[in-house]
Amino acid sequence: MSPTATLPRTSARSEQLVAASSKNTLDPFRDIDWSVPVDDRAFHLPPELLSLYGTAPWEAMSEPERIAYSRHETVAMLGAGIWFENALMQIVLRHLLDIPVTDPAHRYLLIEIADECRHSTMFGEYMRRAGTPAYGPTRPVDLDDTSSGRALSYLLILAVEELLDFMNRATMRDERVHPVSRQIAKLHVLEEARHVSFAKTYLAEVWPTLDPADRQVVVDTAAALVAGIVELSLDGAVYDDLGIADGLAIARANPQYQATVIAGLAKLTGFLSDVGIIDEASRPTWAALGLVTAEPAASQHAGHALS
Ligand SMILES: [Fe+2]
Ligand SMILES: [Fe+2]
């Protein structure tokens with residue numbers, strides 16, 4: 001019997017998400033104005049989100065150099081986005097094999113994959129137009145199909161989606177940012193909200209059904225895996241290409257960047273605290289890896305996680 005067949009809340013949510021998708025799905029090659037060149041008329045990300053913001057190499061750059069650096073770092077982020085979307089599509093495709101076609105989740109997850117195909121072509125188009133190297137992780141995608149593996153996989157999908165959502169929301173609202181970058185961010189926010197909703201509903205519903213041993217595997221390994229995602233989000237080749245000595249180490253040690261990571265993961269870590277995956281025992285590990293502050297913030301998520 002398929003595990004998803006026993007997840008009524010996930011099925012009901014999928015039905016809503018299918019309806020929402022049919023009302024509001026965008027085509028990046030129709031809904032984004034590609035006639036505007038991807039040039040250095042403006043920053044490509046909000047400057048405060050750039051990994052070197054406020055560091056000595058940042059202070060040494062002229063404004064045009066800062067903007068060019070933002071173009072490279074944005075392309076690296078999009079390249080990582082394509083890698084992440086490839087990984088999550090593989091997870092979702094494997095999950096589909098276990099879901100009866102009569103379950104609304106089957107239809108919704110196919111829509112989600114179609115969304116990711118469009119997103120990756122959109123990210124790729126920006127990269128092709130930006131005149132930088134085609135940055136991106138070269139690591140193979142590791143997949144695990146055990147029951148704890150699937151819960152972990154959706155947790156990692158959620159981590160990527162929340163982190164990108166944080167960057168995208170700041171980008172789409174920022175008038176200092178290049179208009180095409182803002183349009184991409186806005187399209188992504190709109191469609192990813194549905195993916196986040198699916199992943200949260202699935203995780204919250206499947207969590208209590210797992211064996212205690214499977215749950216323990218998730219609790220024990222999630223922090224390191226999320227830290228791996230954060231690590232892949234920065235690409236040392238950006239700093240090397242721009243001749244910024246020790247750029248990757250300086251970026252990782254940058255308190256402003258470290259705060260951005262914690263803020264970018266806040267929706268994920270709030271949700272995981274509500275579900276119980278981050279608890280008193282595991283929180284120090286998350287804090288040591290720079291994923292949460294040492295002290296829990298007052299939960300803004302209580303009551304929503306399991307709805
Ligand atoms: Fe996406
Ligand atoms: Fe997604």
Side-chain angles (χ1 to χ4, degrees), residues 4 10 13-14 16-32 44-45 49 74-96 99 104-128 135-137 141 143 150-172 180-204 206 225-226 228-230 232-233 264-265 267-268 271-272:
T4 306
T10 299
R13 178 57 52 92
S14 296
Q16 295 166 346
L17 294 171
V18 168
S21 305
S22 71
K23 275 199 211 105
N24 214 346
T25 288
L26 296 170
D27 176 350
F29 292 94
R30 186 192 61 204
D31 300 312
I32 286 175
H44 294 259
L45 277 181
L49 296 186
T74 301
V75 166
M77 187 189 80
L78 297 176
I82 289 174
W83 189 94
F84 289 136
E85 290 192 338
N86 185 301
L88 73 86
M89 281 192 274
Q90 294 187 49
I91 291 163
V92 173
L93 279 169
R94 287 177 183 224
H95 188 189
L96 272 172
I99 302 174
H106 192 279
R107 179 163 171 200
Y108 179 66
L109 286 176
L110 282 169
I111 291 172
E112 180 164 323
I113 290 167
D115 290 348
E116 301 298 18
C117 288
R118 292 192 312 283
H119 299 167
S120 285
T121 46
M122 171 175 80
F123 294 162
E125 190 62 19
Y126 199 87
M127 294 171 71
R128 285 184 285 275
Y135 299 112
V141 176
L143 295 167
R150 178 152 295 148
L152 260 180
S153 295
Y154 273 90
L155 191 156
L156 297 180
I157 287 176
L158 198 53
V160 169
E161 288 176 342
E162 294 287 26
L163 204 52
L164 274 175
D165 183 72
F166 176 83
M167 304 295 274
N168 287 159
R169 280 180 195 271
T171 302
M172 72 186 209
V180 180
S181 182
R182 293 178 67 191
Q183 288 171 52
I184 283 181
K186 194 173 171 189
L187 187 156
H188 206 234
V189 164
L190 178 91
E191 299 194 340
E192 287 296 332
R194 300 192 290 258
H195 305 181
V196 166
S197 172
F198 181 91
K200 281 186 169 174
T201 306
Y202 172 78
L203 262 177
V206 87
L225 291 168
V226 172
I229 286 172
V230 171
L232 277 181
S233 307
L265 289 171
K267 283 189 185 167
L268 171 83
F271 170 78
L272 297 181

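In listed order, ligands and their atoms are each counted from 1.
In this pair, Tyr154 and His95 present their aromatic rings perpendicular. The plane angle is above 60°, beyond the 30 to 60° band. Under the 30°/60° scheme for interplanar angles, the aromatic rings of His119 and Phe123 are found to be tilted.
In His119, the N, O or S atom that comes nearest to the Fe ion (ligand 1) is ND1. If you look at Glu85 and ask which of its N, O or S atoms sits nearest the Fe ion (ligand 1), the answer is OE2. Its N, O or S atom nearest to the Fe ion (ligand 2) is what matters here, and for Glu161 that atom is OE2. The N, O or S atom of Glu192 with the smallest distance to the Fe ion (ligand 2) is OE1. Looking only at its N/O/S atoms, His195 has ND1 as the one nearest to the Fe ion (ligand 2).
Contact check on Arg118 versus Asp27 returns no salt bridge, with no Lys/Arg side-chain nitrogen under 4.0 Å from an Asp/Glu carboxylate oxygen.
The nearest N, O or S atom of Glu112 is not closer to the Fe ion (ligand 2) than 2.8 Å.
Arg107 and Ser14 share no side-chain donor-acceptor pair at under 3.5 Å.
Side chains of His195 and Glu116 form a contact here, defined as non-hydrogen atoms less than 4.5 Å apart.
Glu116 contributes OE1 and His188 contributes NE2; the angle these two atoms make at the Fe ion (ligand 1) is 180°, rounded to 10°.
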